Student: 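Could you have a look at this structure, given as structure tokens, before my questions?
This structure is a prediction, so every number in the text was calculated from the model and none was measured. To find a chain, count down the sequence lines: A is the first, B the second, and so on, and within it residues start at 1.
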2 protein chains.
Amino acid sequence: MKPKIKLDKIDRRILEILQANAKITNAQLANEIGLSPAPTLERVKKLEVSGIIKSYHAMLDNEKVGLGVSTFVMVSLKGHNKVNIEAFTQAINEIDEVIECHHITGSGDFILKIIAQDIAAYQKLMLEKVTNIEVVDNMQSLVILSTFKDSKVMPIP
Amino acid sequence: MKPKIKLDKIDRRILEILQANAKITNAQLANEIGLSPAPTLERVKKLEVSGIIKSYHAMLDNEKVGLGVSTFVMVSLKGHNKVNIEAFTQAINEIDEVIECHHITGSGDFILKIIAQDIAAYQKLMLEKVTNIEVVDNMQSLVILSTFKDSKVMPIP
DNA sequence: TTATACCACAAAATATTATTTGGTGCGAAG
DNA sequence: CTTCGCACCAAATAATATTTTGTGGTATAA
């Protein structure tokens, strides 16, 4: 039962704009896409209700809020079984500093993205919370030195 | 010349809320933090002007817009020198499907996040655009099978 | 072809929300 | 002790979202 959502060119344009700038007013948005405010708003609401637009978020400057260290961590579990995976994801969910957790193909099982104040805080976090999750076999940290691209706009086909 | 921005408990609460839900009205936000609308708005504006809040973005449901495949790609360059890095990042910047590009420590030099419609489109993208960037030595793709956590809320210290 | 139901849209009225204004109290510096 | 400046509140105003109403175009079925 897929509702078969079809997006026309205008919808895609709306999505593009709102991904880049969610704070645009409806009037401005209407102007950019060449419609009047009423149908523009209708379209946006439709996109929200259908779940195509999931949510809206403020993005912060990590440095300025005192979060200077970001890392990716490759994690291998002791076994690939369902029980271990559930134990791991549950443990991960309780750690605020882990902002992403993806199950991936390849030699590692999971990749995490972790945010911390500095290297010291990162080390402490890893030692105290992450490393000693029971089902973890081994881990490899990749510290981000600099970020060249971090786009919030998906390439809508 | 660092303006030394200090955040009190209320500011941090505001940031937390706006990261989770940027569409909250100022009145609601004021209510949640226990202030009246006027000073609440003042604080938000201050956070925006100071650059602590960088931007606001709509987040889409990738599946529903027809983007079923997400991957991480580990990339090694032929040399670590500045020229190669610039050549690489510039090439990457032109590819919309590459939504993140980070320079990292460790054996690989870069980690990318790439979004595509499906495996076929992903393969095509890699073959035609990514693989033949001159300075790339080798790459390893990690396909995301499922995502267990993808938080937009940073743990503000 | 013609009738009919349905969208998508624009314009204007209304409701909601943001923003400004003026005034008060409190803490820090002189 | 006084004064300055800041953070705050309440209320007025301005901007914006949202609803309502009516129209034209288009696909569908007789």
Side-chain angles (χ1 to χ4, degrees), chain A residues 1-61 63-66 152-154 156-157, chain B residues 1-61 63-66 152-154 156-157:
Chain A
M1 200 179 107
K2 242 194 205 162
K4 263 243 176 207
I5 306 158
K6 36 187 172 183
L7 303 172
D8 64 12
K9 205 161 186 173
I10 297 178
D11 290 322
R12 277 190 285 271
R13 184 101 182 81
I14 289 175
L15 292 176
E16 218 176 287
I17 293 170
L18 291 182
Q19 281 183 98
N21 172 23
K23 269 298 170 68
I24 190 172
T25 66
N26 186 57
Q28 286 176 297
L29 179 60
N31 188 263
E32 296 232 14
I33 65 176
L35 287 183
S36 72
T40 302
L41 191 65
E42 253 180 53
R43 281 169 180 267
V44 173
K45 291 299 172 197
K46 215 172 280 181
L47 291 168
E48 288 171 358
V49 169
S50 69
I52 290 175
I53 296 175
K54 281 201 294 190
S55 47
Y56 297 91
H57 305 275
M59 165 169 307
L60 310 188
D61 184 320
E63 303 280 341
K64 289 187 179 169
V65 295
K152 304 302 169 193
V153 183
M154 304 293 133
I156 303 169
Chain B
M1 198 178 110
K2 243 197 207 162
K4 263 241 176 210
I5 305 156
K6 39 188 171 179
L7 303 173
D8 65 12
K9 205 161 185 174
I10 297 179
D11 289 322
R12 277 192 285 273
R13 184 101 182 79
I14 290 176
L15 292 175
E16 216 176 288
I17 293 170
L18 290 182
Q19 281 184 98
N21 172 23
K23 270 299 172 68
I24 190 173
T25 66
N26 187 57
Q28 286 176 297
L29 178 60
N31 187 264
E32 296 232 14
I33 65 176
L35 288 182
S36 71
T40 302
L41 190 65
E42 255 180 52
R43 280 170 180 266
V44 172
K45 291 297 172 199
K46 213 171 282 181
L47 291 168
E48 288 171 357
V49 169
S50 68
I52 290 175
I53 296 176
K54 281 201 295 190
S55 47
Y56 297 90
H57 306 275
M59 166 170 306
L60 310 188
D61 184 319
E63 303 279 342
K64 288 186 179 169
V65 295
K152 305 302 168 189
V153 183
M154 304 292 133
I156 303 169

Student: Quick check: closest heavy atoms across M154(B) and Q19(B), and the distance to 0.1 Å?
Tutor: N-OE1, 2.8 Å
Student: Atom CG of L29(B) to atom C1' of dA18(C): distance rounded to whole Å?
Tutor: 13 Å
Student: Between K45(A) and E42(A), is there a salt bridge with N-O shorter than 4.0 Å?
Tutor: no
Student: What distance separates K23(B) NZ from I53(A) CD1, expressed to the nearest 0.5 Å?
Tutor: 7.5 Å
Student: Roughly how many Å is it from CG in L41(A) to P in dA12(C), rounded to a whole number?
Tutor: 18 Å
Student: Sugar-phosphate atoms are those with a prime plus P, OP1 and OP2; base atoms are the rest. Using that split, label each nucleotide of nucleotides 7-12 of chain D B, S or - for protein heavy atoms under 4.0 Å, 5' to 3'.
Tutor: SSBB--
Student: Are any of K45(B)'s side-chain N or O atoms less than 4.0 Å away from OP1 or OP2 of dT19(C)?
Tutor: yes
Student: Using five pairs at either end of the helix from dT1(C)-dA30(D) to dG30(C)-dC1(D), determine the angle between the two local helix axes and round it to 10 degrees.
Tutor: 30°
Student: If we only count heavy atoms from C-beta on, is the R13(B) to E32(B) side-chain gap below 4.5 Å?
Tutor: yes
Student: Could you tell me the separation between the CD1 atom of I52(A) and the CG atom of L7(A), rounded to the nearest 0.5 Å?
Tutor: 4.5 Å
Student: Would you give the length of the straight line joining atom CG of L15(B) to atom CG of L60(A), rounded to the nearest 0.5 angstrom?
Tutor: 5.5 Å
Student: Using every non-hydrogen atom in the two residues, find where D8(A) and D11(A) come nearest and quote the distance to one decimal.
Tutor: OD1-N, 2.8 Å
Student: Hey, could you give me the CG/CG distance between L29(B) and L18(B), rounded to the nearest 0.5 Å?
Tutor: 5.5 Å
